[in-house]
2 protein chains.
Amino acid sequence: MKNERQTEESQVEKFARYLQTNGMKFTKERRIILESAFATHRHFEVDDLLFQLRSNNKRVSKATIYRTLPLLVRSGLLREVHDDDKHTHYEHIYGHEHHDHLICLNCGKIIEFGNPIIESLQDEVCKQHEFTPVKHRYEILGYCRECVGKGHP
Amino acid sequence: MKNERQTEESQVEKFARYLQTNGMKFTKERRIILESAFATHRHFEVDDLLFQLRSNNKRVSKATIYRTLPLLVRSGLLREVHDDDKHTHYEHIYGHEHHDHLICLNCGKIIEFGNPIIESLQDEVCKQHEFTPVKHRYEILGYCRECVGKGHP
DNA sequence: TCTGAAATTGAGAAGCAATCGCAAAACAGG
DNA sequence: CCTGTTTTGCGATTGCTTCTCAATTTCAGA
């Protein structure tokens with residue numbers, strides 16, 4: 001939670017800069033949410049944050065979390081991840097290399113993968129269609145080795 | 001709506017086969033929903049279907065639509081598409097080549113693209129991770145030429 | 001340090017897509 | 001025409017997310 005001091009500092013700075021640029025304030029609630037979001041090194045959803053905050057006796061309302069997470073996304077610190085689940089999940093992107101996901105439909109395990117060739121082909125596709133990409137969503141759903149071993153097709 | 005008679009017949013057959021295989025009945029409601037889903041050649045959502053049915057004086061309850069669309073997905077006739085919108089969209093896949101989407105964040109336009117090289121690289125990625133793919137979600141979000149021309153970044 | 005405009009928060013209400021429960025209806029096979 | 005099963009429709013319900021608005025906090029300038 002307190003390791004990687006340098007990058008953690010810059011996360012705070014980056015968020016602060018984003019907020020300031022847009023005439024918003026860096027409140028203590030937003031700081032708490034930022035810290036909590038980066039305390040885990042896994043994907044998380046709103047309820048995970050809420051639970052974690054309650055465990056640490058920090059009180060931030062659900063509404064504020066729902067309001068703050070999109071700010072963290074826009075500031076380039078988080079990214080939305082789409083399970084087949086209903087609700088939105090998030091993961092860190094700041095300080096992490098870009099990657100996409102293999103998601104197991106049985107156990108929910110998430111395997112990260114990155115493929116530069118795919119990325120460059122993607123850029124080419126966009127160029128062909130005169131399309132200016134902003135972000136993408138690339139998830140392969142299926143079954144991991146363990147679950148296939150257990151007979152899940 | 002009545003063109004492509006051959007493929008339309010096989011859609012019905014394919015759905016009928018799927019239902020029978022799973023001990024389900026091919027009711028007239030399910031047939032109406034199937035026909036309606038394939039009447040459009042665009043992406044659609046539940047409300048689109050409802051509106052269309054009402055316009056044609058066909059009465060199928062919302063619940064039945066919600067129950068039937070997943071069956072059409074499982075039978076291999078439809079595919080879910082994820083806008084950045086909240087609710088689920090669907091598109092035909094039966095009789096169409098596989099493709100993915102470029103989605104304009106401003107006007108919502110959807111451009112289809114298919115890239116065999118990306119597909120094969122994807123298979124390779126799965127092999128490397130001993131992952132058995134079932135389906136994927138690959139959407140590139142950004143701005144189309146027209147919207148960039150109009151100053152949308 | 002004090003002041004006031006502007007932004008933010010919290011708590012609950014509201015929205016809304018999707019799901020559920022159950023009685024009535026439709027089916028299929030005998 | 002019975003009989004057991006599946007399906008439908010309706011309304012109610014769920015569960016995530018957003019909204020409303022009064023109260024609070026923040027920050028720049030006095």
Side-chain angles (χ1 to χ4, degrees), chain A residues 12 15-37 43-54 56-75 78-90 108, chain B residues 12 15-37 43-54 56-75 78-90 108:
Chain A
V12 173
F15 191 36
R17 198 179 320 123
Y18 169 80
L19 291 173
Q20 194 166 34
T21 305
N22 292 77
M24 298 166 138
K25 293 168 181 171
F26 195 7
T27 63
K28 59 176 172 301
E29 285 84 1
R30 286 177 179 159
R31 178 184 295 271
I32 289 172
I33 293 169
L34 170 61
E35 283 171 0
S36 185
H43 296 193
F44 63 90
E45 54 192 274
V46 170
D47 278 343
D48 297 330
L49 278 197
L50 261 174
F51 178 74
Q52 196 189 325
L53 291 178
R54 300 240 163 101
N56 290 39
N57 269 333
K58 317 216 178 191
R59 225 166 298 270
V60 179
S61 78
K62 190 182 297 197
T64 299
I65 295 178
Y66 273 107
R67 282 186 285 234
T68 303
L69 288 177
L71 301 179
L72 288 168
V73 170
R74 279 184 229 124
S75 69
L78 294 184
R79 177 161 81 119
E80 293 185 359
V81 178
H82 296 262
D83 256 344
D84 249 9
D85 217 343
K86 218 159 315 190
H87 30 305
T88 312
H89 290 233
Y90 295 88
Chain B
V12 173
F15 191 37
R17 200 178 319 124
Y18 169 81
L19 291 173
Q20 194 166 34
T21 304
N22 293 76
M24 298 166 139
K25 294 170 182 172
F26 195 7
T27 63
K28 58 176 172 305
E29 286 84 1
R30 287 178 178 157
R31 178 184 293 272
I32 288 172
I33 293 168
L34 170 61
E35 283 171 359
S36 185
H43 296 192
F44 63 90
E45 54 193 274
V46 172
D47 278 342
D48 296 331
L49 277 197
L50 261 175
F51 178 75
Q52 195 190 326
L53 291 178
R54 300 242 162 100
N56 290 40
N57 269 333
K58 316 215 179 188
R59 226 166 296 272
V60 178
S61 79
K62 192 180 296 194
T64 299
I65 294 177
Y66 273 108
R67 283 188 283 235
T68 303
L69 287 178
L71 300 179
L72 288 168
V73 170
R74 277 185 231 123
S75 69
L78 295 184
R79 178 162 81 120
E80 292 186 1
V81 178
H82 296 262
D83 255 343
D84 248 9
D85 215 344
K86 218 159 315 187
H87 30 303
T88 311
H89 290 234
Y90 295 89

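We name chains A, B, ... by the order of the sequence lines, and we start the count at 1 in each one. Only heavy atoms go into these numbers, but all of them, side chains included; no hydrogens, no water, no symmetry mates.
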Practice task
Can you sort out the partners of B:His82 under ring-ring contact (aromatic ring centres under 6.0 Å, His included), two or more places apart, ordered by chain and number?
Solution key: none

Completion exercise
chain A reaches DNA chain C, atoms under 4.0 Å from its heavy atoms, from C:dA6 to C:dA11

Fill in the blank from the handout: Across all chains, not counting sequence neighbours, the ring-ring contact (aromatic ring centres under 6.0 Å, His included) partners of A:Phe15 are A:Phe26

Handout entry: Residues that A:Glu45 engages under side-chain hydrogen bond (donor to acceptor under 3.5 Å, both in side chains), provided they are two or more places apart
Key = A:His87, A:His89

Problem - Separation of B:Arg54 CZ from B:Asn56 CG (nearest 0.5 Å) - result: 12.5 Å

Exercise for the section: Apply side chain to side chain contact (heavy atoms under 4.5 Å, CB included) to the pair A:Arg31 and A:Val12, showing each step before the final yes or no. Expected result: CA-CA 8 Å; A:Arg31 178 184 295 271; A:Val12 173; 3.8 Å; yes

Problem - Pairs satisfying side-chain hydrogen bond (donor to acceptor under 3.5 Å, both in side chains), at least one member in residues 60-72 of chain A, at least two apart - result: A:Ser61-A:Thr64

Problem - Axis-to-axis angle between the two ends of the helix from C:dT1-D:dA30 to C:dG30-D:dC1 (five base pairs per end, rounded to 10 degrees) - result: 30°

Handout entry: side chain to side chain contact (heavy atoms under 4.5 Å, CB included) involving A:Leu49 - partner list, sequence neighbours excluded
Key = A:Ile33, A:Ser36, A:Phe44, A:Gln52, A:Ile65, A:Leu69

Problem - Separation between CZ of B:Arg17 and CG of B:Asn22, rounded to the nearest 0.5 Å - result: 12.0 Å

Fill in the blank from the handout: Rounded to the nearest 0.5 angstrom, the OG1-NE2 distance for A:Thr88 and A:His43 is 13.5 Å

Handout entry: Residues forming a side chain to side chain contact (heavy atoms under 4.5 Å, CB included) with B:Arg74, sequence neighbours excluded
Key = B:Tyr18, B:Pro70, B:Leu71

Atom pairs under 3.5 Å, N or O on each side, protein against nucleotides 16-20 of chain D: can you list them with distances?
from   : atom 1 : to      : atom 2 : distance (Å)
D:dT17 : OP1    : A:Thr88 : N      : 3.2
D:dT17 : OP1    : A:Thr88 : OG1    : 3.3
D:dT17 : OP2    : A:Tyr66 : OH     : 2.7

Handout entry: Nucleotide D:dT6, atom P - distance to OH of B:Tyr18 in whole Å
Key = 15 Å

Problem - side-chain hydrogen bond (donor to acceptor under 3.5 Å, both in side chains) involving A:Arg79 - partner list, sequence neighbours excluded - result: A:Glu91

Exercise for the section: Find the distance B:Leu69:CG to D:dT8:P and express it as a whole number of Å. Expected result: 12 Å

Exercise for the section: Locate the shortest heavy-atom distance separating B:Arg30 from B:Lys25; write the atom from each residue and the value. Expected result: NH1-O, 2.6 Å

Between the protein and nucleotides 24-30 of chain D, which nitrogen or oxygen pairs come in under 3.5 angstrom?
from   : atom 1 : to      : atom 2 : distance (Å)
D:dT26 : OP1    : A:Lys28 : NZ     : 3.4
D:dT26 : O2     : A:Lys25 : NZ     : 3.0

Exercise for the section: Applying side chain to side chain contact (heavy atoms under 4.5 Å, CB included), name anything that partners B:Asn57, two or more places apart in sequence or on another chain. Expected result: B:Arg59

Practice task
Report the residue (B:Ser61 or B:Gly23) whose heavy-atom-nearest nucleotide on DNA chain D is the more 5′ of the two.
Solution key: B:Gly23

